[in-house]
Amino acid sequence: MTTALGVFLAANKKKRMAVFSELYEFNEKLLMNLKFQRAPINKVAEGFKFVPEILSGKKFFDGKDAEIISDYAVNLGKSDAASQIDYLNARKATLAKCRDDSFSDYKRYSSLYVKIFFMVGVLMAVLLA
């Protein structure tokens with residue numbers, strides 16, 4: 001059971017990393033789309049796993065991460081192309097920081113959680129035996 005908790009915590013770090021990586025990539029793709037193609041946002045989001053769900057209002061996280069994602073998604077498609085390009089360029093730095101932070105957290109903590117809870121499980125088994 002304790003190992004399952006470690007795996008769960010590691011999976012949350014991995015999901016956070018995947019969501020922010022996808023949002024950054026979507027931001028870049030949307031910028032290119034606004035400059036050259038002007039396809040609908042839903043069409044641009046088709047190749048992504050989490051972005052269509054984010055655009056439909058699904059929450060993946062709580063706290064600051066949820067606030068960053070909802071602030072990003074609420075303003076998409078609300079103004080003309082030039083304003084959207086400016087908005088997406090301004091959000092690029094925030095998304096890059098979140099992506100990099102989530103990647104470093106995943107690398108730092110994911111295996112640590114599994115190892116710690118595995119050791120706790122072994123310790124509990126030894127104490128109970």
| field | Side-chain heavy atoms of Glu28 within contact of Lys92, under 4.5 Å | value | yes
| field | Chi angles and distances behind the side chain to side chain contact (heavy atoms under 4.5 Å, CB included) call for Asp71, Thr94 | value | CA-CA 11 Å; Asp71 287 347; Thr94 303; over 6 Å; no
| message | Side chains of Ile68 and Leu23, heavy atoms from C-beta outward: is any pair under 4.5 Å? | response | no
| query | Can Phe103 be reached from Val51 by stepping across I, L, V, M, F, W or Y side chains whose heavy atoms are under 4.5 Å apart? | reply | no
| note | Tyr72 meets the ring pair (Phe, Tyr, Trp, His ring centres under 6.0 Å) criterion, sequence neighbours left out, with none
Which side-chain N or O atoms in residues 38-45 pair as donor and acceptor under 3.5 Å with protein atoms at least two apart or in another chain?
residue	atom	partner	partner atom	Å
Arg38	NE	Leu34	O	3.0

| query | Val74: which other cluster members, linking ILVMFWY side chains closer than 4.5 Å, directly or transitively? | reply | none
| field | N/O donor-acceptor pair under 3.5 Å between Gln84 side chain and Gly77 backbone | value | yes
| said: For the CG atom on Asp62, are there more than 12 heavy atoms of other groups (residues, nucleotides or ligands in this structure) within a distance under 6.0 Å? | reply: no
| query | Which residue, Lys59, Lys15, Lys58, forms the salt bridge (charged side-chain N to carboxylate O under 4.0 Å, His left out) with Glu53? | reply | Lys58
| message | In this structure, would Val19 and Met17 fall into the same cluster of hydrophobic residues linked by side-chain contacts under 4.5 Å? | response | no
| said: Among Cys98, Ser102, Ser21, which residue satisfies the side-chain contact (heavy atoms from CB on, under 4.5 Å) criterion with Arg16? | reply: Ser102
| Flag, side chain of Asn89 to backbone of Ile85, donor-acceptor distance under 3.5 Å | yes
| task | Give the ring-plane orientation class for Phe20 versus Phe61, where under 30° counts as parallel, over 60° as perpendicular and anything between as tilted. | result | parallel
| Is the backbone N or O of Phe48 less than 3.5 Å from a side-chain atom of Glu22, with the two atoms forming a donor-acceptor pair by type? | no
| message | Tell me whether Glu46 contacts the main-chain N or O of Pro52 through its side chain, where contact means a donor paired with an acceptor under 3.5 Å. | response | no
| Is there a chain of hydrophobic side chains (I, L, V, M, F, W, Y, each step under 4.5 Å between heavy atoms) that links Leu31 to Ile69? | yes
